[in-house]
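Below is one structure; the comments refer to it alone.
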Amino acid sequence: MEADGSVRSLDGGRLAVRPYNTGDHAVVVSLIDCDWLAGQHPAGLQFPPQALKQLHEAEILVVCDSGGDVAGVVSFGVRPADGAGLIVQLHGWGNFEAIAALLAAARAQLGQRTLYAFTGPATATGIPGLPVEHRSVTARALIAAGFSPASAQRYFLRDLTTTPPAPPHYPLANVTIITDPPGWLLKLNDIRGRHTATAILRAPTPETADMAVLWQLAVRHSHRRQGIATHLLGQCLHHAVQHGAHHLTADAPDGDMPATRLLAGAGFLPLDTLTIYRRQL
C-alpha cells in the first residue's frame with residue numbers, strides 16, 4: 001500500500017479504498033452473489049452481516065478502480081471478548097489486487113492484534129469459513145498477507161430430489177420434536193431398549209435457506225462399526241423428505257475420513273472446505 005492509501009493495479013491504474021455508503025449497496029450485493037455457494041442466503045440477506053453488530057469498531061470499506069467503480073468490499077471489527085480483529089466478509093470479483101488492497105486496509109485499521117478472517121457464516125446454517133475451492137484467489141491473497149489456516153470444515157450437500165432415500169427399516173428411531181432450533185431429535189435403541197445412537201435434524205426453514213441440516217449424528221462408542229450410523233443417517237434422509245426438504249446439508253472436520261465416507265455413502269457430495277484463517281502478531 002502506498003502512502004496515499006491506494007495500491008497500483010496490474011493495468012497501471014489505481015485502486016482507492018474508502019468507506020462504504022448506501023449508494024454502493026447494489027454493486028456490493030452483486031459482488032457477494034458472484035461468490036454464492038449452495039446453501040447460502042441471497043446476498044441481499046447477507047449484507048450488512050449481522051455479525052458486525054457484535055463487534056467493536058466495526059467498519060465496511062470498499063475498493064474502487066480507476067474509474068471509480070466499486071471493485072470489492074470488506075467488513076471487519078474487534079471482538080470484545082479478547083480484542084482479536086475479525087474480518088467477517090471479503091469479496092472482490094476474484095481479483096487478487098482488489099482483495100489484497102482490502103486486506104491491507106483492514107489490517108491497517110485493526111492495528112497490531114491477532115487477526116482472524118472469515119469468521120462470519122459461510123452458509124445459512126452458520127458454518128463459518130472461506131470456501132477455498134470456490135474462492136482460491138481470496139485464499140491465495142490471505143496467505144500472501146501472512147494469514148494461515150486455523151480450522152476447516154468439509155461442507156456437504158445431499159440432493160433429496162434426484163435420488164430419493166429408501167424408506168427406513170427396523171429398528172426405527174424414536175422422533176421427538178425440538179423447537180430451538182426447529183427440528184427433530186432421533187434416538188435409536190437396540191432390541192433390548194439400550195440407547196445406541198442419536199441424531200439432531202434441523203428442519204428446513206427460511207433461516208436455513210429452506211434446507212434441512214444434519215446438525216449432529218453420534219453413536220455410542222460400544223456400538224460403533226456395526227452400521228448403526230449408516231442406518232440412522234438413512235432415517236434422517238427419509239424424515240427430511242417426509243417434511244418437505246429438497247436438500248440436506250452436513251459438515252465434518254476436514255480430514256475426518258470416517259465421517260466423509262459415511263456421508264459419501266449416503267449420497268452427499270462435498271461442496272467445499274470452509275476455512276477460518278488466522279494472522280498472529
Side-chain angles (χ1 to χ4, degrees), residues 29 32-46 91 94 118 120-136 138-139 152-169 172-173 175 177-178 181-186 188 197-219 227-275:
V29 167
I32 298 171
D33 268 338
C34 183
D35 291 330
W36 185 84
L37 181 69
Q40 288 182 327
H41 283 304
L45 300 179
Q46 297 182 58
H91 299 274
F118 288 91
T123 69
T125 56
I127 310 169
L130 172 73
V132 294
E133 292 155 35
H134 283 74
R135 300 183 58 190
S136 58
T138 301
Q153 294 282 111
R154 290 292 283 164
Y155 176 54
F156 297 85
L157 181 71
R158 171 66 153 85
D159 188 332
L160 300 170
T161 61
T162 55
T163 309
H169 56 84
L172 299 178
V175 180
I177 295 174
I178 56 178
W184 305 273
L185 172 69
L186 291 83
L188 193 63
T198 300
I200 297 176
L201 189 63
R202 189 168 176 180
T205 65
E207 288 72 28
T208 65
D210 295 318
M211 299 192 301
V213 183
L214 182 64
W215 202 256
Q216 176 185 314
L217 196 157
V219 178
I228 291 173
T230 299
H231 180 78
L232 183 54
L233 178 55
Q235 293 194 39
C236 290
L237 294 172
H238 187 263
H239 192 82
V241 169
Q242 292 297 104
H243 288 80
H246 294 158
H247 295 89
L248 178 63
T249 67
D251 65 279
D254 190 31
D256 186 340
M257 294 311 299
T260 297
R261 286 193 293 267
L262 172 68
L263 293 169
F268 284 80
L269 297 178
L271 290 188
D272 216 314
T273 302
L274 304 178
T275 304

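Worth knowing before you read on, the calculation uses all heavy atoms, side chains too, and leaves out hydrogens, waters and symmetry mates. Heads up: numbering here begins at 1 and tracks the sequence.
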Worksheet item: Given side chains that start at C-beta, do those of L201 and L248 come closer than 4.5 Å, heavy atoms only?
Response: yes
Worksheet item: What distance do F156 atom CZ and L214 atom CG have between them, rounded to the nearest 0.5 Å?
Response: 11.0 Å
Practice prompt. Scan residues 210-219 for pairs that pass side chain to side chain donor-acceptor pair (under 3.5 Å), counting only residues two or more places apart or in two chains.
Written response: none
Worksheet item: Distance from R154 atom CZ to I127 atom CD1, nearest 0.5 Å?
Response: 12.0 Å
Worksheet item: Counting N and O atoms only, with roles assigned by atom type, does the side chain of H239 sit under 3.5 Å from a partner on the main chain of Q235, one being a donor and the other an acceptor?
Response: no
Output a table of donor-acceptor pairs, distance under 3.5 Å, between side-chain atoms of residues 253-267 and any protein atom two or more places apart or on a different chain; print 'none' if there are none.
residue: D256; atom: OD1; partner: A259; partner atom: N; Å: 3.2
residue: T260; atom: OG1; partner: D256; partner atom: O; Å: 3.0

Worksheet entry | Rounded distance (nearest 0.5 Å) linking atom CG of D251 with atom CG of L271 | 11.5 Å
Worksheet item: Checking side-chain contact (heavy atoms from CB on, under 4.5 Å) for the pair E133/T273: CA distance, chi angles, key distance, verdict?
Response: CA-CA 7 Å; E133 292 155 35; T273 302; 3.2 Å; yes
Discussion item. Please find the pair of heavy atoms, one from T208 and one from P204, that lie closest to each other, and give the distance.
Written reply: OG1-CA, 3.7 Å
Discussion item. Would you compute the distance between atom CG of L160 and atom CG of L237 and round it to the nearest 0.5 angstrom?
Written reply: 6.0 Å
Worksheet item: Considering only heavy atoms from C-beta outward, does the side chain of V241 approach that of P165 to under 4.5 Å?
Response: yes
Worksheet entry | Minimum heavy-atom distance between R202 and P181, given as atom pair plus value | NE-CB, 3.5 Å
Discussion item. Let me confirm one number: the CZ-CG distance from R135 to L130, rounded to the nearest 0.5 Å.
Written reply: 5.5 Å
Practice prompt. State which residue, out of V219, L185, L186, fulfils the side-chain contact (heavy atoms from CB on, under 4.5 Å) condition with T198.
Written response: L185
Fill in: T249 to F268 - nearest heavy-atom pair and separation
C-CE2, 4.3 Å
Practice prompt. Would you name the heavy atoms of A197 and I228 that are closest together and state the gap between them?
Written response: CB-CG2, 3.7 Å
Discussion item. Between D159 (side chain only) and T161 (backbone N and O only), is there a donor and an acceptor less than 3.5 Å apart?
Written reply: yes
Fill in: H246 atom NE2: more than 12 heavy-atom contacts under 6.0 Å
no
Discussion item. Using 0.5 Å steps for rounding, measure from the NE2 atom of H91 to the OG1 atom of T138.
Written reply: 8.5 Å
Item to complete: Identify the two heavy atoms, one from I177 and one from W184, that lie closest to each other, and give their separation to 0.1 Å.
Response: CG1-CD1, 4.0 Å
Worksheet item: Just wondering, do L274 and L37 contact through their side chains at under 4.5 Å, heavy atoms?
Response: yes
Discussion item. On a heavy-atom basis, which atom in P167 and which in H238 lie closest, and how many Å separate them?
Written reply: CA-CD2, 3.6 Å
